[in-house]
Amino acid sequence: MENCLFCGIAEGKIPSKKVYEDDTFLVFQDIQPAAPVHVLIIPKKHIATMNDVGEEDFAMLGELHRVAQKVAKELGIAETGYRLINNCGPDSGQAVYHIHYHLIGGTKLGALVESSDSHAI
Ligand code: AMP
Ligand code: ZN
């Protein structure tokens with residue numbers, strides 16, 4: 001997909017700090033880490049959002065969990081714990097429209113959701 005930041009990263013046209021790569025997935029350091037460990041897991045296939053995942057993609061996204069588990073272990077946060085987060089659409093604050101999962105950990109994380117009217121869940 002032209003003009004997609006994460007397609008550019010997946011194709012190596014835009015630099016990133018790679019943590020893991022195989023034929024299907026790339027994991028790289030988030031440029032603005034929200035915690036001591038903050039990487040992004042992307043499929044190399046361009047899918048804009050969770051809403052755009054097709055029937056043919058679900059098995060591949062299932063495999064993404066295998067990558068998340070492996071990378072969490074390699075980054076030393078498997079036992080201490082972590083979050084795997086996908087933002088979908090405007091209310092979530094999704095900024096990059098190429099599906100990605102934040103793998104975040106390395107510290108005690110705060111409230112999962114804080115809505116814009118400040119009600120923490
Ligand atoms: P989201 O709000 O879920 O779309 O998250 C997008 C994430 O991509 C943010 O955490 C950004 O810090 C991160 N990001 C944006 N540009 C880059 C980049 N060039 N390399 C690595 N991470 C990036
Ligand atoms: Zn893309």
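Note that ligands are numbered from 1 as they come in the structure, with each ligand's atoms numbered from 1 the same way.
Residue contacts with ligand 1 for Leu40 involve side-chain atoms from C-beta outward but no N, CA, C or O (heavy atoms, distance under 4.0 Å).
For atom 6 (C) of ligand 1, the closest non-hydrogen atom of the protein is His100 NE2, 3.5 Å. Closest protein heavy atom to atom 4 (O) of ligand 1: Ala95 N, 2.6 Å. Scanning the protein heavy atoms around atom 14 (N) of ligand 1, the nearest turns out to be Ile31 CG2, 3.8 Å. Distance from atom 11 (C) of ligand 1 to its nearest protein heavy atom, with residue and atom name: Asp30 OD1, 3.4 Å. In this structure, atom 16 (N) of ligand 1 lies nearest to the protein heavy atom Leu5 CD2, 3.4 Å.
With a 4.5 Å cut-off on side-chain heavy atoms, Asp57 and Ile99 do not count as touching. With a 4.5 Å cut-off on side-chain heavy atoms, Leu103 and His38 do not count as touching.
By the neighbour-count criterion of 12 heavy atoms within 6.0 Å, atom CD of Glu79 is sparsely surrounded, having that number or fewer from other residues, nucleotides or ligands. Atom CD of Gln69 has 12 or fewer neighbouring heavy atoms from other residues, nucleotides or ligands inside a 6.0 Å radius.
Not one N or O of His38 is nearer than 3.5 Å to an N or O of ligand 1, by distance alone. Residue Val96 has at least one N or O atom closer than 3.5 Å to an N or O atom of ligand 1. The N/O atoms of Gly93, backbone and side chain alike, include one that comes under 3.5 Å of an N/O atom in ligand 1. The shortest N or O to N or O distance between Ile9 and ligand 1 is not below 3.5 Å.
Residue Gln94 has at least one heavy-atom neighbour below 4.0 Å for each of these atoms of ligand 1: 2 (O), 4 (O). Residue Asn87 approaches ligand 1 through these ligand atoms, each under 4.0 Å from one of its heavy atoms: 1 (P), 2 (O), 3 (O). Close contacts of ligand 1 with His102, meaning ligand atoms under 4.0 Å from a residue heavy atom, involve 1 (P), 3 (O), 5 (O), 7 (C), 10 (O). Atoms of ligand 1 lying under 4.0 Å from any heavy atom of Gln32, numbered from 1 in the order shown and given with element: 12 (O). Heavy-atom contacts of Phe6 reach the following atoms of ligand 1: 8 (O) (cutoff under 4.0 Å). When each atom of ligand 1 is checked for a heavy atom of Gln29 under 4.0 Å away, the hits are 21 (C).
Residue contacts with ligand 1 leave out Tyr97, since none of its heavy atoms falls under 4.0 Å from the ligand.
A single hydrophobic cluster is seen to contain both Leu84 and Val39, as judged by linkage of ILVMFWY side chains at heavy-atom distances under 4.5 Å, directly or through other members.
Judged purely by atom type and a 3.5 angstrom limit, Lys44 uses its side chain to pair as donor or acceptor with the backbone of Asp22. Judged by distance alone, the side chain of Gln94 and the main-chain N or O of Val96 form a donor-acceptor pair under 3.5 Å. A donor-acceptor pair under 3.5 Å is formed between the side chain of His100 and the backbone N or O of His98. Side-chain N or O atoms of His46 include none that pairs as donor or acceptor with a backbone N or O of Phe6 at under 3.5 Å.
For His46, the N, O or S atom with the smallest separation from the Zn ion (ligand 2) is ND1.
Taking CG of Leu26 as the start and OG of Ser16 as the end, the distance is 5.5 Å to the nearest 0.5 Å.
The minimum heavy-atom distance linking Glu21 with Lys18 is given by the pair OE1-NZ, 3.1 Å.
Taking the Zn ion (ligand 2) as the corner point, the angle from Cys7 atom SG to His98 atom ND1 is about 110° (rounded to 10 degrees).
When the options Asp52, Ile47, Val53 are evaluated for a side-chain contact (heavy atoms from CB on, under 4.5 Å) with Thr49, the one that passes is Asp52.
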